[in-house]
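Residue numbers begin at 1 in each chain, while the letters A, B, ... track the order of the sequences.
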Number of protein chains: 2
Amino acid sequence: MKSAKPIQNDINRESEEIKQLVSKFRSLNIQITPQRLVIASALTGTEKHLSVEDIHQIVRKKNSKIGLATVYRTLNLLKGKGLIEEHRFNDEFSRYELHTESHHDHLICIECETVIEFDQPVIEHLQDLAAAEKNFTIVSHRLQIYGICENCATANKKREKNPISP
Amino acid sequence: MKSAKPIQNDINRESEEIKQLVSKFRSLNIQITPQRLVIASALTGTEKHLSVEDIHQIVRKKNSKIGLATVYRTLNLLKGKGLIEEHRFNDEFSRYELHTESHHDHLICIECETVIEFDQPVIEHLQDLAAAEKNFTIVSHRLQIYGICENCATANKKREKNPISP
DNA sequence: GTGGCTGCAAAAAGTTTGCAAGAGG
DNA sequence: CCTCTTGCAAACTTTTTGCAGCCAC
């Protein structure tokens with residue numbers, strides 16, 4: 001037989017992710033429940049930074065009875081175990097993403113709210129220097145840059161050339 | 001006569017600050033009210049990063065009838081006019097400080113919550129580079145470093161040497 | 001005088017908690 | 001089985017809003 005159908009691949013990917021989550025949970029001493037697996041897989045299934053409400057919506061499509069409180073409790077648990085990271089952009093509510101080995105920072109577009117991740121090891125090094133100067137021991141850090149992304153900048157230029165209202 | 005008494009100096013400093021605020025308000029087209037002056041002078045009178053509740057407490061000592069809503073409204077107004085800056089450390093509530101010409105970032109102690117300001121122009125330059133690489137136009141940024149300050153580190157070491165409970 | 005500001009209370013929005021019933025190991 | 005988790009609703013926290021009266025200009 002040849003390769004499976006696309007839909008089958010999706011199911012395979014998903015069940016593969018669930019398997020990995022189960023072993024991750026075991027190794028971290030997290031009790032396994034369907035709710036927790038569905039919530040965690042909402043984050044493994046995307047590269048976006050999801051709000052609690054986003055996650056609640058996604059999760060309800062698979063198990064319509066999951067309550068918002070369970071989503072909050074689970075996210076706090078996973079955060080405590082280091083599986084996911086919490087962010088606050090633009091002083092809004094919390095957003096979550098999977099924790100990855102390599103630390104990265106964020107460029108946030110103030111027009112379309114897109115989040116671009118970037119990595120600047122030299123900046124990290126300079127932070128260490130700045131902290132050392134004040135005898136400060138770094139535990140973690142957060143760097144957020146706000147501005148206009150490439151797409152919005154291009155769109156803005158077009159609008160200037162072809163103004164709808166003069 | 002010689003120099004004025006210390007208490008008099010305090011009053012002088014304060015009335016001097018009020019005078020400066022009044023002219024600042026005038027130049028920014030902010031209507032002058034006693035409430036607004038008292039709220040703004042709570043921030044000119046300190047280098048700390050005050051929460052809304054902090055400011056409300058301070059302000060009530062001078063004018064006990066000022067409502068929390070007025071504090072919020074005034075802070076939003078002053079923020080909009082660029083007179084003050086809003087920060088969110090450790091995903092808590094908002095804190096405010098006076099806006100200064102030179103941008104600085106923050107070291108936040110996760111034990112005693114002290115905030116130390118620092119300035120690293122080279123980091124700013126590297127941010128520009130990182131943004132340029134993604135064709136991103138920077139509008140503003142926020143860098144927060146969390147860790148242990150010198151005082152707490154020293155205190156922790158002492159505690160290790162002289163443990164109260166073995 | 002009158003439009004903007006204030007105080008109060010009520011509402012919003014995001015998040016946490018108490019509790020009885022249910023599920024995991 | 002016994003503990004930990006869940007769903008629901010209610011509570012809590014921070015911030016915003018509606019409105020009548022008041023104040024700055």
Task: Net bend of the helix from dG1(C)-dC25(D) to dG25(C)-dC1(D), end axes of five pairs each, nearest 10 degrees - done: 30°
TODO: Specify the residues of residues 23-37 of chain B, ordered by number, for which at least one heavy atom lies under 4.0 angstrom from an atom of DNA chain C.
DONE: Gln31(B), Thr33(B), Gln35(B), Arg36(B)
Task: Pairing residues for Asp119(B) by the salt bridge (charged side-chain N to carboxylate O under 4.0 Å, His left out) criterion, not counting sequence neighbours - done: none
Open item on the list: Among Glu85(B), Lys48(B), Glu47(B), which residue satisfies the side-chain contact (heavy atoms from CB on, under 4.5 Å) criterion with Glu97(B)?
Closed with: Glu85(B)
Open item on the list: From C-beta outward on Val52(A), which listed nucleotide comes closest to its side chain: dG7(C), dT15(C), dG7(D)?
Closed with: dT15(C)
Task: Arg73(A) (side chain) and dG18(C) (base): donor-acceptor pair under 3.5 Å - done: yes
Open item on the list: Can you see if the side chain of Arg60(A) gets near the phosphate of dG7(D) - specifically, an N or O under 4.0 Å from OP1 or OP2?
Closed with: no
Task: His49(A) and its ring-ring contact (aromatic ring centres under 6.0 Å, His included) partner, picked from Phe93(A), Phe89(A), Tyr96(A) - done: Phe89(A)
- [ ] Measure from the side chain of Thr74(A), starting at C-beta and using heavy atoms only, and say which of dT17(C), dT16(D), dT6(D) lies closest.
- [x] dT6(D)
- [ ] Of all the heavy-atom pairs spanning Phe25(A) and Leu83(A), show the shortest one and how long it is.
- [x] CE1-CD1, 3.9 Å
Task: Asn76(A) vs dT16(C): side-chain N/O to OP1/OP2 distance below 4.0 Å - done: yes
Task: Whole-Å gap separating P (dG14(C)) and CZ (Phe93(A)) - done: 6 Å
Open item on the list: Measuring from atom CG of Asp105(B) to atom CZ of Arg142(A), what distance do you get when rounded to the nearest 0.5 angstrom?
Closed with: 13.0 Å
TODO: Look at the side-chain N and O atoms of Thr70(B) and state whether any lies under 4.0 Å from the OP1 or OP2 oxygen of dG7(C).
DONE: yes
Task: Protein-nucleotide distance (Tyr72(A), atom OH; dG18(C), atom C1'), rounded to Å - done: 18 Å
